[in-house]
Amino acid sequence: MKSTFLSKSKNILAGLALSAMGWTANAAEPLKIGYSDWPGWVAWEVAVEKDWFAKEGVDVQFEWFDYVASMDAFAAGQLDAVGMTNGDALVTGSTGAPSVMIAINDYSNGNDMVVAQPGISSIKDLKGKKIGVEVGFVGHLLLLTALEENGMQESDVTLVNVPTNETPQVLASGEVDAIVAWQPSSGQALKMVPGSTAVFTSADKKGIIYDGLSVNPASLAARHADWEKVVKVWYQAVGYIQDPKTRDDALKIMSSRVGLTPEEYAPFLEGTKLLTLEEAKAAYKKGTGLDSIFGSSKVSDDFNVNNKVYDTPQDVNSYFDGSITEGM
């Protein structure tokens, strides 16, 4: 699932020279897209299963990864594009692997959570308490947002650095008073600790975490027409998922990809706001608020610099191009 791209950055630069050379020569090759276990990216599976890319006349090869591994592969030039959060796009770019997000798939709408022990019913109740979170990662950003929304600072709590996939076990052990995680880890924590509560979620701050399709700029320039077809197919998939007549079939396809039943997967999809074409066009408009991908990404950039994920602020505008979406 999602995380900020920290520990891998030192291993990226070696592959970049190779990745810069082959785009024109490989124009006849399939577009290689890395995707991973987040509903906004699993949604691509609908288009894959329905063979819509071939029908649109574009050759695409989707490759399934763990999330961080997908960004490694993209940075090493093994992929033309990858599903990333807007904040992680900035991090990969800071290491020398630039990208352009040509489609905004979704924003997190509740799947990312601060989950607290029984008896704790609000963020304010966490003052002076221990919180397990992967420091410097997207959960850390969500936590800082929750504290700020409640008139608190990071110094009001004690952070315990915990890998996100281990947060359910750490909460269950009683070592911390709360954890920050995204689905499925957040849901596992709620199940493992009876009486635990989600005291803040990404639904309380819509737009703090966007997810999208980020493309290598050289590939985008060389095969722009093909990428236009990919984005067109994306909105066909969104329509299929959101149509009540076909939603059950879409859920079956998506849940099968991650080894769950449609009933188990449905809450994950509910916690992810897939953007319609018109909603994505609105998100691509320049603005300073979280309803704009640019405003949201400025928040992520500030977070990344303040937490020394990278030293120099990124040119946020260069990472997001809504022209294909806007032209549809």
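Heavy-atom basis, side chains included; hydrogens, waters and symmetry copies ignored.
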> Val193 and Pro118: which non-hydrogen atoms are nearest, and at how many Å?
Replying inline: CG1-CD, 3.8 Å
>> Below 30° counts as parallel, above 60° as perpendicular, anything between as tilted: where do the rings of Phe62 and Trp44 land?
In response: tilted
>> Can you tell me which residue among Asn86, Leu275, Thr272 is in a side chain to side chain contact (heavy atoms under 4.5 Å, CB included) with Tyr107?
In response: Leu275
> How close do Gln117 and Leu171 get, heavy atom to heavy atom, and via which atoms?
Replying inline: NE2-O, 2.7 Å
> Taking NZ, NE, NH1 and NH2 as the nitrogens, is one of them in Glu270 or Arg247 under 4.0 Å from a carboxylate oxygen of the other?
Replying inline: yes
> Regarding Trp227 and Ser219, is there a side-chain donor-to-acceptor distance under 3.5 Å anywhere?
Replying inline: yes
>> Run the salt bridge (Lys or Arg N to Asp or Glu O under 4.0 Å) test on Glu175 and Lys130 for me, step by step, so that the C-alpha distance in whole Å, both residues' side-chain angles and the decisive distance to 0.1 Å come before the verdict.
In response: CA-CA 8 Å; Glu175 296 176 38; Lys130 295 181 179 180; over 6 Å; no
>> Test your reading of the model: is there a side-chain donor-acceptor pair from Ser255 to the backbone of Lys252, 3.5 Å cut-off?
In response: yes
>> Show, in sequence, the C-alpha distance, side-chain angles and deciding distance for Met113 and Phe200, and conclude whether the side-chain contact (heavy atoms from CB on, under 4.5 Å) test is met.
In response: CA-CA 6 Å; Met113 308 178 191; Phe200 192 90; over 6 Å; no
> Trp41 and Phe65: aromatic ring centres closer than 6.0 Å?
Replying inline: no
> Taking all non-hydrogen atoms of both residues, which atom of Thr325 and which atom of Ala280 are closest, and how far apart?
Replying inline: CG2-CB, 4.0 Å
> Would a 4.5 Å heavy-atom cut-off, applied to side chains only, mark Asp106 and Trp38 as touching?
Replying inline: yes
> So Glu56 and Lys50, salt bridge (Lys or Arg N to Asp or Glu O under 4.0 Å) or not? Walk me through it.
Replying inline: CA-CA 11 Å; Glu56 194 59 38; Lys50 298 297 182 182; over 6 Å; no
>> What I'd like to find out is whether the side chain of Leu274 reaches to under 4.5 Å of the side chain of Gln242, using heavy atoms alone.
In response: yes
